[in-house]
Amino acid sequence: PYGLAPPGQAAADWATAQWFNSPAPVTLKDLRGRVVVLHAFQMLCPGCVQHGLPQASRIHATFPAQDVAVIGLHTVFEHHAAMTPVSLEAFLHEYRIAFPVGVDLPSRTPADPVPHTMRAYALRGTPSLVLIDRQGFLRRHSFGADDDLAVGAAIAILAAES
């Protein structure tokens, strides 16, 4: 229902270079027992700014933190010089992004600019939304704009699972 896959594949740990809006790095292990909404974005991505980040902020404001954790992943695969941590910090402040945001660990291979977590999750681009259930299994993986009602229903179903 609502685009949810049955439990099966465990979510990969994310590899990050830096965190914002969190006093310490956030790990999947830290979030076990909660539904995790992972929103992958780039600050220069129009779809992320217009749809993905506002949706993630609404999810963060709507669902109780003890049940649902919203995590941003700034995953830069283009325009590297413009999307530095200094720029990201200002962006997060200006757009009032309150949930934790990790900076995806950049690739060290010039021929392959795809960052580590983006590759581990086989993300096709940004914005991307990944839902991880309370046990740490991938349950939804989507690229592009997702309907708020469908995403909210999927999160509610996962939150209701024991």
Polar side-chain atom of S128 near backbone of G125 as donor-acceptor pair, under 3.5 Å = yes
Is there a donor-acceptor contact under 3.5 Å from the side chain of Q9 to the main chain of F137?
-> no
Would T75 and T117 satisfy side chain to side chain contact (heavy atoms under 4.5 Å, CB included), going step by step from the backbone distance to the final call?
-> CA-CA 8 Å; T75 185; T117 308; 6.0 Å; no
So, taking the atom named [atom1] in [X] and the one named [atom2] in [Y], what distance separates them when rounded to the nearest 0.5 Å?
X: N21; Y: E89; atom1: CG; atom2: CD; answer: 9.0 Å
X: L138; Y: L131; atom1: CG; atom2: CG; answer: 9.5 Å
X: D133; Y: R140; atom1: CG; atom2: CZ; answer: 14.5 Å
X: W14; Y: L38; atom1: CH2; atom2: CG; answer: 5.5 Å
X: C48; Y: F91; atom1: SG; atom2: CZ; answer: 8.0 Å
X: Q42; Y: T126; atom1: CD; atom2: OG1; answer: 4.0 Å

[Y] and [X], any side-chain heavy atoms less than 4.5 Å apart:
X: D104; Y: H74; value: no
X: D13; Y: T27; value: no
X: I71; Y: L31; value: yes
X: L88; Y: M43; value: yes
X: L105; Y: T16; value: no
X: L123; Y: V130; value: yes
X: F41; Y: V101; value: yes
X: H39; Y: L53; value: yes

Taking all heavy atoms of [X] and all of [Y], pick out the closest pair and write down the distance.
X: P100; Y: V26; value: CB-CG2, 4.1 Å
X: L44; Y: P46; value: O-CD, 3.3 Å
X: A56; Y: V70; value: O-CG1, 3.8 Å

Side chains of Q55 and D146: donor-acceptor distance under 3.5 Å anywhere?
-> no
Taking only residues two or more places apart in sequence, or in another chain, which ones meet R34 in a salt bridge (charged side-chain N to carboxylate O under 4.0 Å, His left out)?
-> none
R134 with D67: basic N within carboxylate O range, under 4.0 Å = yes
Do H141 and Y121 have ring centres separated by under 6.0 Å?
->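 When the ring centroids of H141 and Y121 are compared, they turn out to be at least 6.0 Å apart.
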Quick one: which residue pairs count as a side chain to side chain donor-acceptor pair (under 3.5 Å) with a foot in residues 151-160, not counting sequence neighbours?
-> none
Which pairs with one or both residues in residues 47-72 pass ring-ring contact (aromatic ring centres under 6.0 Å, His included), sequence neighbours excluded?
-> H60-F99
Would you kindly confirm whether Y95 and F20 end up in one hydrophobic cluster when ILVMFWY residues are joined by side chain heavy atoms under 4.5 Å apart?
->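 Yes, Y95 and F20 fall within the same hydrophobic cluster.
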